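Okay, so here's the structure we're looking at.
Keep in mind that what you see is a predicted model, and the values were worked out from it rather than measured.
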Amino acid sequence: ITVQYIDVANINGSPQTITDSTTWNIISATILLVHDDGSEALETYYQSALDNNNFSYTNYSITSSGLPSGAYLNQFNLVIWFTNKDNKLSDTITTLLQNYINNNGNILLFGEDVLNGTNTGFYQNYLHISSYSIETNNDTAKGIDNDIISDSIFINFSYTAGSILDSTDEFYPDGSSSSIFKNRKS
């Protein structure tokens, strides 16, 4: 299983725009888009990205429906789970996601500070992150040379929300995973 993590900055309720793009070919997938953002309505950004690339997906709001069951998650090949700055991955959620991954599920996690306070076993054993640093004040990310996903991609994070500082986190993969982007300070 390949588990990818991307930290999306959210400043004053507005996710930052990534000014570069890449194409990923996914043959056939059933996708569940899980909104764990309270009432912020961040789903419109994810829905637009999926719609613009002609992906079919099912929306699921934790605010209106509570946590999905493991049986429900297992109906999907890919779960895209996103949070806001206030919603972290609780032990209940990480156990749910661990069971989903153990049943050959694939996850894509998004969220500002999504791993802060998260069960160490989850990010080490399932995301294959050996450690991480929070709020590293990086303002760019560069794709890894020759990487199938990120080669030649350069992302400039624009933090224009007054005195709000960059809260970019840095993740360090273990020996069984690899990075697709490296954060940098310009």
Taking side chain to side chain donor-acceptor pair (under 3.5 Å) as the test, write out the residues that go with [X], two or more places apart.
X: Asp145; answer: Lys142
X: Gln47; answer: Asn59
X: Asp36; answer: Trp81, Asn87
X: Ser179; answer: none

All side-chain contact (heavy atoms from CB on, under 4.5 Å) counterparts of [X], not counting sequence neighbours:
X: Thr94; result: Leu89, Asp91, Gln98, Thr118, Asn119, Phe122
X: Ser130; result: Tyr172, Asp174
X: Asn102; result: Asn99, Tyr126

Euclidean distance, [Y] [atom2] relative to [X] [atom1], rounded to 0.5 Å:
X: Phe171; Y: His128; atom1: CZ; atom2: NE2; answer: 15.0 Å
X: Leu32; Y: Tyr60; atom1: CG; atom2: OH; answer: 8.5 Å
X: Leu73; Y: Asn103; atom1: CG; atom2: CG; answer: 10.0 Å
X: His35; Y: Ser61; atom1: NE2; atom2: OG; answer: 6.5 Å
X: Leu109; Y: Leu97; atom1: CG; atom2: CG; answer: 6.5 Å
X: Ser178; Y: Asp147; atom1: OG; atom2: CG; answer: 6.5 Å

Determine, stepwise, if the pair Val79 / Leu108 fulfils side chain to side chain contact (heavy atoms under 4.5 Å, CB included). CA-CA 6 Å; Val79 171; Leu108 187 57; over 6 Å; no
Any [X] side-chain heavy atom under 4.5 Å of [Y] side chain:
X: Asn77; Y: Ile31; answer: no
X: Phe76; Y: Thr58; answer: yes
X: Ile129; Y: Gln124; answer: no
X: Ile80; Y: Ile107; answer: no
X: Asn74; Y: Tyr100; answer: yes

Sidechain-backbone polar pair: Ser150 side chain, Ile144 backbone, donor-acceptor under 3.5 Å: yes
Salt bridge (Lys or Arg N to Asp or Glu O under 4.0 Å) filter on Lys182, not counting sequence neighbours, yields none
Which residues satisfy the ring pair (Phe, Tyr, Trp, His ring centres under 6.0 Å) test with Tyr123, sequence neighbours excluded?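 For Tyr123, the residues satisfying ring pair (Phe, Tyr, Trp, His ring centres under 6.0 Å) (neighbours in sequence not counted) are Tyr132.
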Under 3.5 Å, which donor-acceptor pairs do the side chains of residues 65-72 form with other protein atoms, sequence neighbours left out?
residue : atom : partner : partner atom : Å
Ser69   : OG   : Tyr72   : N            : 3.0

Membership question, hydrophobic clusters at under 4.5 Å side-chain separation (ILVMFWY): are Ile148 and Ile153 in the same one?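 Ile153 and Ile148: one cluster.
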Would you name the heavy atoms of Leu33 and Tyr46 that are closest together and state the gap between them?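 Shortest heavy-atom separation between Leu33 and Tyr46 comes out as CD1-CB, 3.8 Å.
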